[in-house]
J.: 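The structure follows.
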Amino acid sequence: MTALLLKRVRLEESFEYTNEQIVATNTGIYDVLITNDVITEIAPQIEVADDIEVFDAQCQLLLPAFREMHIHLDKTYFGGEWQAPSIATNGIQTRIDEEKILLPKQLPTAAFRAEKIVQMLIAQGHTHIRSHCNVDQQIGTKHVELVKEVLEKYRGQITYDIVAFPQHGLLKSEVLPLMKEAMQLGATLVGGVDPATVDRDIERSLQQMMDIAVEYNAGVDIHLHDGDTLGAFEIKKLAALTKEAGKQGHVTVSHAFALAGLEQSPLNELIAQMAEVQMDVTSTVPIGLKSNTIPIPYLWENGIRVSVGHDSLVDHWSPFGTGNTITKLNILAERFRYIDEYSINRTWKYASGGITPLNDAGERVWPKVGDAANMLLLDGVSTAHVVARRCPITTVISNGNIIHQSSIELKGVYR
């Protein structure tokens, strides 16, 4: 048996109202006992035997850990030299042409850089990572192999998914045999990309992707950048295939820019089709073009689970990306003009797999006895405070084990 006692942690208890408006979050100080990876007791004071590890949280806020749901560990400049991307004069094709030359050159350093990102993501509070890994004619399945090797080194600290990702087109680059090889090597999800723009054959591209998922009993995570009615048509086709294949609840659309450009009626129709097959969405909360901002809160309210991801971290696609999910939620809050305690509080669910300390009614639903002990300690007084002020993470706990501690001195300077 392994056990860890967290002393003096701050837990959210309820919302505080003034004139029927939520103005603050009430908290209390508790001890939390973790035994064999799960929470076994929560009380104002817990006494334990001398041989059990005790950690004094110093009244820091306890919040659910993050899940990084869209990252490319396999192709990055992170941990290496600085290089800004070129201007994409031919859209996504510019990047595909670059990759055919760049990725083979990066292979000797790819594992080292992937590991640097994993270490950084852990320090930023992530206990689950979903990585897309290129499968193409230039590198074959080498990216899947090396990323799996890196992630396995951290199996005691994180869980993970690997998406076999035909970045250069499933049909266009003729990688069907390589995709199957990637699944046999340990990829857990089947990827795809813009069947209209890249593969130029929507139905055949989506069908082949789904056929692989059925053959290997896997889920799907497809990049869909196509906008407006074209992208909507692709999503509808994918929803129909999802139902036909019995993959309800196992299909993710990453980016899904089409959801940003539709009129209300066709948007509602599309959302209903997606919700029927329990399709979920991952977004980077882009801050560039307004047309690329999908209606994240509206999707959630209408039955579509949305998660945030960082996608690129300083690579040949983008010079940006920090891996800091608190900053990502801060951007999301600003993007949707969330300035009040309640609205900012609700953003945490987009980064934690839907887990929040308080439900919409303000009742404490996390942590509770029996919950997995994946959590963060932060120098903040409430979820809203953490997101708005970008308060620092000081301790990361995964499966009841402390896997990262920062050297931040607690002074409340972020308040």
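FYI, side chains are in, hydrogens and waters are out, and symmetry mates aren't considered; it's all heavy atoms of this structure. The first residue of the sequence shown is numbered 1, and numbering continues consecutively from there.
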J.: Any donor and acceptor pair, going by atom type alone, linking the side chain of T282 with main-chain N or O of G309 inside 3.5 Å?
T.: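 No, because the side chain of T282 does not come within donor-acceptor range (under 3.5 Å) of the backbone of G309.
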J.: About how many Å separate CE of M274 and CG of D280, when rounded to the nearest 0.5 Å?
T.: 8.0 Å
J.: Looking at every non-hydrogen atom in both residues, tell me the closest pair between L270 and L262 and how far apart they are.
T.: CD2-CD1, 3.8 Å
J.: Would you please classify the geometry between the H255 ring and the F257 ring as parallel, tilted or perpendicular, with 30° and 60° separating the classes?
T.: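 Tilted, since the angle between the ring planes falls between 30° and 60°.
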J.: Okay, side chain of Q45, backbone of D31: is any donor-acceptor separation there less than 3.5 Å?
T.: no
J.: Check the surroundings of atom CD in Q21: do more than 12 heavy atoms from other residues, nucleotides or ligands lie under 6.0 Å from it?
T.: no
J.: Give a yes or no on whether a salt bridge exists between D315 and K75, defined as a side-chain N under 4.0 angstrom from a carboxylate O.
T.: no
J.: Looking at K180 and E215, is there a salt bridge between them, counting it only when a charged N and a carboxylate O are closer than 4.0 Å?
T.: yes
J.: Do E16 and I22 come within less than 4.5 Å of each other through their side chains, counting heavy atoms only?
T.: no
J.: Quick check for you: to the nearest 0.5 Å, what is the distance between L61 atom CG and L11 atom CG?
T.: 8.0 Å
J.: Answer yes if the side chains of D211 and Y216 hold a donor-acceptor pair under 3.5 Å, and no otherwise.
T.: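 Short answer, no.
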J.: So among D379, T394, T395, which one has a side chain to side chain donor-acceptor pair (under 3.5 Å) with Q60?
T.: T394
J.: Examine the side chains of Y30 and E41 and answer whether a donor and an acceptor come within less than 3.5 Å of each other.
T.: no
J.: Determine, step by step, whether H223 and H72 satisfy the ring pair (Phe, Tyr, Trp, His ring centres under 6.0 Å) criterion, reporting the C-alpha distance in whole Å, the side-chain angles of both residues, the deciding distance to 0.1 Å, and the verdict.
T.: CA-CA 12 Å; H223 291 53; H72 294 264; 5.4 Å; yes
J.: Between I402 and F55, which heavy-atom pair has the shortest distance, and what is it?
T.: CD1-CD1, 3.7 Å
J.: Centroid-to-centroid, F165 to H143, below 6.0 Å?
T.: no
J.: With a cut-off of 3.5 Å and sequence neighbours excluded, list every side-chain donor-acceptor pair involving residues 341-348.
T.:
| residue | atom | partner | partner atom | Å |
| --- | --- | --- | --- | --- |
| E341 | OE2 | T25 | N | 3.4 |
| E341 | OE2 | T25 | OG1 | 2.6 |
| E341 | OE2 | S382 | OG | 3.2 |
| Y342 | OH | D360 | O | 3.4 |
| S343 | OG | D340 | OD1 | 2.8 |
| S343 | OG | D340 | OD2 | 3.3 |
| R346 | NH1 | L358 | O | 3.2 |
| R346 | NH1 | D360 | OD1 | 2.8 |
| R346 | NH2 | L358 | O | 2.4 |
| T347 | OG1 | I344 | O | 2.8 |
| W348 | NE1 | P64 | O | 3.1 |

J.: Please round to the nearest 0.5 Å and tell me the distance separating atom CD1 of I326 and atom SG of C391.
T.: 7.5 Å
J.: Under 3.5 Å, is there a donor-acceptor pair between the side chain of D221 and the main chain of G191?
T.: no
J.: Count the heavy atoms belonging to other residues, nucleotides or ligands that lie under 6.0 Å from CD of Q405, then report whether that count exceeds 12.
T.: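 Yes, enclosed.
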J.: May I ask you to decide whether K236 forms a salt bridge with E276, counting only side-chain N to carboxylate O separations under 4.0 Å?
T.: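 Between E276 and K236 there is no salt bridge, as every charged N stays at least 4.0 Å from the carboxylate O atoms.
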J.: Keeping K328 on the side-chain end and A351 on the backbone end, is there a donor-acceptor pair under 3.5 Å?
T.: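 Pair absent, no side-chain N/O of K328 close to backbone of A351.
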J.: Using atom types as modelled and distance alone, determine if a side-chain donor or acceptor of D371 lies under 3.5 Å from a backbone N or O of K368.
T.: yes
J.: Examine the side chains of Q119 and Y154 and answer whether a donor and an acceptor come within less than 3.5 Å of each other.
T.: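 Yes - a donor-acceptor pair under 3.5 Å links their side chains.
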J.: Tell me whether the rings of H70 and H132 are parallel (<30°), tilted (30 to 60°) or perpendicular (>60°).
T.: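 Ring orientation, 0 to 90° scale: tilted.
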J.: Please check if the side chain of H126 supplies one atom and the backbone of L121 the other of a donor-acceptor pair under 3.5 Å.
T.: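 Checking the backbone N and O of L121 against the side chain of H126, a donor-acceptor pair under 3.5 Å is found.
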J.: One thing to verify: whether R95 and E98 come together as a salt bridge, which I'm taking to mean a side-chain N less than 4.0 angstrom from a carboxylate O.
T.: yes
J.: Just checking E81: does its CD atom have more than 12 heavy atoms from other residues, nucleotides or ligands closer to it than 6.0 angstrom?
T.: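 It does: E81 CD has more than 12 such atoms within range.
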J.: Are side-chain N/O atoms of H168 and E99 paired as donor and acceptor at under 3.5 Å?
T.: yes
J.: Report yes if the side chains of V220 and L189 come closer than 4.5 Å at any heavy-atom pair, otherwise no.
T.: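 No, side chains not in contact.
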J.: Do any pairs count as a salt bridge (charged side-chain N to carboxylate O under 4.0 Å, His left out) and have a residue in residues 44-71, sequence neighbours left out, and if so which ones?
T.: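 Only R8-D56 qualify under salt bridge (charged side-chain N to carboxylate O under 4.0 Å, His left out).
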J.: Is it the case that the side chain of T76 and the backbone of L313 share a donor-acceptor pair, with hydrogens and angles ignored and the cut-off at 3.5 Å?
T.: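 Yes, T76 side chain to L313 backbone: donor-acceptor pair under 3.5 Å.
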J.: Does atom CZ of F320 have more than 12 heavy-atom neighbours, drawn from other residues, nucleotides or ligands, at distances under 6.0 Å?
T.: no
J.: Can you measure from OG1 (T141) to NZ (K148) and round to the nearest 0.5 angstrom?
T.: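 Output value for this atom pair is 11.5 Å.
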J.: Is the shortest heavy-atom distance from the side chain of D136 to the side chain of Q167 under 4.5 Å?
T.: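 In short, these two side chains do not touch, never coming nearer than 4.5 Å.
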J.: How many angstroms lie between CD1 in I271 and CD1 in I235, if you round to the nearest 0.5 Å?
T.: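 Answer rounded to 0.5 Å: 10.0 Å.
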J.: Distance check, rounded to the nearest 0.5 Å: S318 atom OG versus H310 atom NE2?
T.: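 If we round to the nearest 0.5 Å, S318:OG and H310:NE2 are 12.5 Å apart.
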J.: Under a 3.5 Å distance rule, please check whether D74 uses its side chain to pair with a backbone N or O of C133 as donor and acceptor.
T.: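 Not at all, since once roles are kept as given, no pair shorter than 3.5 Å links the two residues.
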J.: Quick test of your reading of the model: are K142 and E145 salt-bridged, counting only N-O distances below 4.0 Å?
T.: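 No.
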J.: Between the main-chain N or O of N399 and the side-chain N or O of N374, is there a donor-acceptor pair closer than 3.5 Å?
T.: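 A pair under 3.5 Å: yes.
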J.: Kindly state each residue pair satisfying salt bridge (charged side-chain N to carboxylate O under 4.0 Å, His left out) with at least one member in residues 182-197, sequence neighbours excluded.
T.: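 Qualifying pairs: none.
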J.: If we only count heavy atoms from C-beta on, is the L63 to L378 side-chain gap below 4.5 Å?
T.: yes
J.: Assess the side chains of T197 and D226: does a donor N or O sit below 3.5 Å from an acceptor N or O?
T.: yes
J.: Main chain of V314, side chain of S312: is a donor-acceptor contact present, judged purely on distance under 3.5 Å?
T.: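 Flag not set: sc S312 to bb V314 has no pair under 3.5 Å.
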J.: Answer yes or no: does atom NZ of K7 have more than 12 heavy-atom neighbours from other residues, nucleotides or ligands under 6.0 Å?
T.: yes
J.: Do the side chains of I162 and Y160 get nearer than 4.5 Å, heavy atoms only?
T.: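 A side-chain contact exists here, since the closest heavy-atom pair is under 4.5 Å.
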J.: Under a 3.5 Å threshold, yes or no: a donor from one side chain and an acceptor from the other, between T127 and Q157?
T.: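 No, Q157 and T127 have no side-chain donor paired with an acceptor closer than 3.5 Å.
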